[in-house]
Amino acid sequence: MALTVVGSRTKVAVVLEVNGRVDGETAPELERVCQQWITAADRNVILDFSGVQYISSAGLSSVLGAGKEIDRHGGRLLICGLAARVNQVFAFSGLDNLFPLFGTREAALSNCTENGAAAK
Amino acid sequence: MLRVRLCHNRHLSQLSFTLNGDLAELAHMMTEVERFCAAQGLMGDPQFQLTLAIDELFTNAVRHGGCKGVAAAVEIRLDAADGAVRVEFRDRGTPFDPLTVPPPDLKAPLEERAKGGLGVHFVRQIMQNLQYDRCGEWNRLTMELPT
């Protein structure tokens with residue numbers, strides 16, 4: 001399958017593990033899973049992209065849409081595990097300045113508390 | 001997915017293929033670009049960049065350009081020569097010059113960021129010597145990726 005998304009929930013965050021390519025054909029599936037898992041009560045949502053080797057602007061648009069929705073409810077979207085070329089596409093779009101990026105899921109989780117961001 | 005036409009020379013320095021106006025054709029496009037790049041020793045970054053640029057143009061043509069549902073809506077030609085890959089992208093959509101699209105505001109805050117408008121920006125970031133013309137019922141965009 002071109003794209004699969006596996007959701008899970010920890011004490012501090014919803015984690016969506018994305019695998020495959022995120023483009024105009026598959027982005028609707030990412031949007032569907034985001035809507036299925038994310039509630040207005042969630043303070044932290046982590047998109048784990050370590051299984052993604054390709055993303056287009058259509059995929060970024062879905063990420064941006066999810067990020068806006070989470071922000072409206074006072075939550076945060078965190079992104080982790082970007083491969084180098086996927087990271088370059090984020091940089092082309094400026095999305096790397098809108099959402100905090102982490103190398104690993106563990107690093108992203110350690111930045112979360114039940115109320116939102118970890119205390120500095 | 002229906003492959004309408006595929007032709008190439010013996011050394012695959014040129015490759016032409018046709019896509020129907022259906023986003024499910026993205027997988028077909030990626031396979032053809034991969035095959036071309038493998039034959040040219042252009043795996044890695046050049047393959048990724050070619051794939052992304054063609055993806056953006058194709059997705060725009062299907063979503064916004066009137067190509068959705070049109071058989072053989074897009075024709076793509078790849079030609080490797082003189083340290084570059086020359087790309088010709090033709091679509092049967094409504095007349096549209098992507099080079100007239102203003103650049104997106106990449107510094108806008110989250111609540112003000114538009115969800116669209118990035119595709120053409122990506123193409124302009126990746127490719128060089130872009131030229132557009134309208135040829136009969138076709139939009140034609142030519143461009144080069146230095147290798």
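Naming: A, B, ... by sequence-line order, numbering from 1 per chain. Keep in mind that the numbers below use all heavy atoms, side chains included, and drop hydrogens, waters and symmetry copies.
By the side-chain hydrogen bond (donor to acceptor under 3.5 Å, both in side chains) test, A:Ser56 pairs with no residue at all, sequence neighbours left out.
With a 4.5 Å cut-off on non-hydrogen atoms, B:Asp45 touches chain A through its backbone and its side chain both. Contacts between A:Leu60 and chain B at a heavy-atom distance below 4.5 Å involve the side chain alone, from C-beta outward. Proximity to chain B (any heavy atom under 4.5 Å) is shown, for A:Val63, by neither the backbone nor the side chain. At a 4.5 Å heavy-atom cutoff, A:Arg72 makes no contact with chain B through either its backbone or its side chain.
No single ILVMFWY cluster, assembled from side-chain heavy atoms under 4.5 Å apart, contains both B:Val120 and B:Ile76. Placement of A:Leu64 and A:Trp37 within a single hydrophobic cluster is found when ILVMFWY residues are connected by side-chain heavy-atom separations under 4.5 Å, directly or transitively. When the side chains of ILVMFWY residues are joined at heavy-atom separations under 4.5 Å, either directly or via intervening members, B:Leu57 and B:Val70 end up in two distinct hydrophobic clusters. Hydrophobic clustering (side-chain heavy atoms under 4.5 Å, transitive across Ile, Leu, Val, Met, Phe, Trp, Tyr) keeps B:Trp138 apart from B:Phe89. Cluster membership check: B:Leu99 shares its hydrophobic cluster with B:Val74, using side-chain heavy-atom separations under 4.5 Å among Ile, Leu, Val, Met, Phe, Trp and Tyr.
The candidate with the highest count of non-hydrogen atom pairs below 4.5 Å against chain A, out of B:Gly119, B:Gly117, B:Gly44, is B:Gly44. Contacts with chain A were tallied for B:Asp55, B:Val62, B:Thr59; B:Asp55 has the most, counting heavy-atom pairs under 4.5 Å. For the set A:Gly94, A:Ser57, A:Gly24, the entry with the most heavy-atom pairs within less than 4.5 Å of chain B is A:Ser57. The most heavy-atom pairs under 4.5 Å with chain B, out of A:Ser61, A:Gly65, A:Ser62, come from A:Ser61.
Interface with chain A: from residues 104-113 of chain B, residues B:Leu106, B:Ala108, B:Pro109, B:Leu110, B:Glu111, B:Glu112, B:Arg113 qualify, criterion being any non-hydrogen pair under 4.5 Å. Within residues 125-134 of chain B, the residues having any heavy atom less than 4.5 Å from a heavy atom of chain A are, in residue-number order, B:Gln125, B:Ile126.
Taken from CD in B:Gln47 to CZ in A:Arg85, the straight-line distance is 8.0 Å, to the nearest 0.5 Å. For the atom pair CG (A:Leu95) and CG (B:Leu118), the distance works out to 7.5 Å, reported to the nearest 0.5 Å.
Annotation: side chain of B:Met30 is in contact with side chain of A:Asp23 (closest heavy-atom distance under 4.5 Å).
Environment of NZ in A:Lys68: crowded, with over 12 heavy atoms of neighbouring residues, nucleotides or ligands closer than 6.0 Å.
Every pair passing ring pair (Phe, Tyr, Trp, His ring centres under 6.0 Å) that includes a residue from residues 108-129 of chain B is listed here, sequence neighbours excluded: A:Phe92-B:Phe122.
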